[in-house]
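Order of the sequence lines sets the chain letters (A, B, ...), proteins ahead of strands, with each chain counted from 1. Everything numeric here is computed off the predicted structure, so don't read it as measured data.
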Protein chains: 2
Amino acid sequence: MGEAAQLKEDTIAALHDTLQAYITKKGFRSTSQRRLVTDIFFRTGGHMSIEDLLAKVREQDPRVGYATVYRTLRLLAECELANVRHFGDGVTRYELADEGKHHHDHLICTSCKRIIEFEDEAIEVLQDRIADRHGFNLKSHKHELYGVCPECQQKQS
Amino acid sequence: MGEAAQLKEDTIAALHDTLQAYITKKGFRSTSQRRLVTDIFFRTGGHMSIEDLLAKVREQDPRVGYATVYRTLRLLAECELANVRHFGDGVTRYELADEGKHHHDHLICTSCKRIIEFEDEAIEVLQDRIADRHGFNLKSHKHELYGVCPECQQKQS
DNA sequence: CTAAGTGCAAAAAGTTTGCATTCCG
DNA sequence: CGGAATGCAAACTTTTTGCACTTAG
């Protein structure tokens, strides 16, 4: 519980494998830029804006362009290794899909923008029931709680 | 339950009153454009993109500009009569805050984009508990279930 | 009157696309 | 080699801002 945990090396390797399989199947190509972008993405595991991710990528290869990061994340979303997120600021963020980690939702501090993950089985069950009731075939969901974290509450008072 | 219900006349009047009180308190001004934009917004009650709203506004006054609609909705958000929403397409939508209607969440059909509202008291309780556990002072939340609605399931098969 | 609000157009901000060049398979 | 991917810059889209003009209070 709490902040995102570090992923194990072999989990990361498995993610690269899944991606590689998809790339091969589709006749796409594995490039150094793609490997770099996806590796950093897999390791940080989400909630990064494109801007943040690009910055990290450029630490290791300054020639990589915006477009490549956008295109690579679109590829990850396409093969369902990543999901898009919008947390209210106009910025698109991606996060690792459930394949790589447990399903979770988000607690977001509206003051310091910190993002904390949580899981709650009981809520998941209730969700399924609601979808059923409306005849929906549920694919995914988004559950975000916005508030002020303990630290910021202290600062404000 | 189901699609958004029509709001009663007096509820709409109450919303205008709340807004007027805020405007007065802040030394702002009530203009015909603001009254028009907010009235249409209150009556439709949410899930409208700025573009949709502007179109409706221009049916009644074609001279109203984009900026006015943006600024008016920002004002509504500022006085907590409206909340911002992002449903995955890059478009900002606003919806009436809880003041005007019951709290509810959303079931969204990824195929036809239909948006259905639902309420679930049990989930609300669980949310509060999660926020408590993390020491968060909860302000609002977003809970969206994405899937395929019964009609689209039929079409697809 | 006078400061807030409007409409317009220009500017930002974020994302996508076209194209010549690079390079994987 | 041939086509996919890249990097760059230009194009797009959505939202914000600057400014002269209008108007509520």
Side-chain angles (χ1 to χ4, degrees), chain A residues 16 19-41 47-55 57-79 82-94 113, chain B residues 16 19-41 47-79 82-94:
Chain A
H16 279 293
L19 175 59
Q20 185 53 55
Y22 182 79
I23 284 179
T24 305
K25 189 181 74 183
K26 288 284 197 169
F28 296 156
R29 287 169 191 179
S30 178
T31 65
S32 68
Q33 294 93 327
R34 267 187 190 173
R35 284 188 300 271
L36 177 57
V37 172
T38 55
D39 194 62
I40 291 176
F41 179 74
H47 308 151
M48 292 187 99
S49 63
I50 302 284
E51 191 113 356
D52 295 341
L53 186 50
L54 181 61
V57 167
R58 284 190 168 160
E59 283 174 19
Q60 302 199 37
D61 182 350
R63 321 163 145 262
V64 176
Y66 269 90
T68 299
V69 177
Y70 275 103
R71 286 187 277 230
T72 301
L73 287 183
R74 201 196 291 155
L75 174 69
L76 286 180
E78 183 186 316
C79 70
N83 292 131
V84 195
R85 293 272 158 188
H86 298 265
F87 288 123
D89 45 5
V91 185
T92 301
R93 287 159 200 274
Y94 283 83
K113 309 296 176 194
Chain B
H16 280 293
L19 175 60
Q20 185 53 56
Y22 182 79
I23 284 179
T24 305
K25 189 182 73 183
K26 288 284 196 169
F28 296 156
R29 290 168 190 178
S30 179
T31 65
S32 67
Q33 293 93 326
R34 267 186 189 172
R35 284 188 300 270
L36 177 57
V37 171
T38 56
D39 194 63
I40 291 177
F41 178 76
H47 308 151
M48 291 188 100
S49 63
I50 302 285
E51 191 113 357
D52 295 340
L53 185 51
L54 180 62
K56 282 231 173 201
V57 167
R58 285 192 167 159
E59 284 174 18
Q60 301 199 37
D61 181 351
R63 320 162 146 262
V64 175
Y66 269 90
T68 298
V69 177
Y70 276 101
R71 288 188 276 229
T72 301
L73 287 183
R74 201 196 291 153
L75 173 69
L76 286 180
E78 184 187 316
C79 69
N83 291 131
V84 194
R85 294 274 156 186
H86 297 264
F87 289 123
D89 44 4
V91 185
T92 300
R93 286 160 200 275
Y94 284 83

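- At whole-Å resolution of the value, CZ in B:R34 and P in D:dT22 are 19 Å apart.
- One atom, CZ of A:R63, and another, P of D:dC8, lie 8 Å apart when rounded to the nearest Å.
- Comparing B:F28 and B:I50, the nucleotide of DNA chain D nearest to each residue sits closer to the 5' end for B:I50.
- Using a 4.5 Å heavy-atom cutoff, the side chains of B:F41 and B:L73 are in contact.
- Nucleotide D:dC8 holds its P atom 11 Å from the CD atom of A:Q33, rounded to whole Å.
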Checklist line | Working for side chain to side chain contact (heavy atoms under 4.5 Å, CB included), residues B:I50 and B:Y94 | finding: CA-CA 8 Å; B:I50 302 285; B:Y94 284 83; 3.8 Å; yes
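- On the nucleic acid side, DNA chain C has its first and last nucleotide under 4.0 Å of a heavy atom of chain A at C:dG14 to C:dG25, going 5' to 3'.
- Regarding B:R29, its CZ atom lies at a distance of 5 Å from the C1' atom of D:dA24, rounded to whole Å.
- When all heavy atoms of A:L19 and A:C79 are compared, the pair lying nearest together is CD1-SG, 4.0 Å.
- Nucleotide D:dT15 holds its P atom 11 Å from the CG atom of B:D52, rounded to whole Å.
- Between the side chains of B:S30 and B:R35, at least one donor N or O lies within less than 3.5 Å of an accepting N or O.
- Remark: A:E51 CD is loosely packed, at most 12 non-hydrogen atoms of other residues, nucleotides or ligands lying under 6.0 Å away.
- The phosphate of D:dT23 (OP1 or OP2) has no side-chain N or O of B:T31 nearer than 4.0 angstrom.
- Between A:R58 atom CZ and D:dT6 atom P the separation is 14 Å, expressed in whole Å.
- Across the interface with DNA chain D, nearest-nucleotide mapping of B:E51 and A:S32 shows A:S32 to be the residue nearer the 5′ end.
- Looking at heavy atoms from C-beta onward, A:Q60 lies in side-chain contact with A:L36 at the 4.5 angstrom threshold.
- Looking at the side chain of B:T92, the nearest of the listed nucleotides D:dT15, D:dA9, D:dG25 is D:dT15.
- Both B:P62 and B:I23 lie close to DNA chain C; mapped to their nearest nucleotides by heavy-atom distance, the more 5′-ward contact belongs to B:I23.
- Residue B:R71 contributes atom CZ, which lies 13 Å from atom C1' of D:dT22 at whole-angstrom precision.
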Checklist line | Test log, rule side chain to side chain contact (heavy atoms under 4.5 Å, CB included), inputs B:I23 and B:R34 | finding: CA-CA 11 Å; B:I23 284 179; B:R34 267 186 189 172; 4.3 Å; yes
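- A straight line from OH of A:Y70 to C1' of D:dA11 spans 14 Å, rounded to a whole angstrom.
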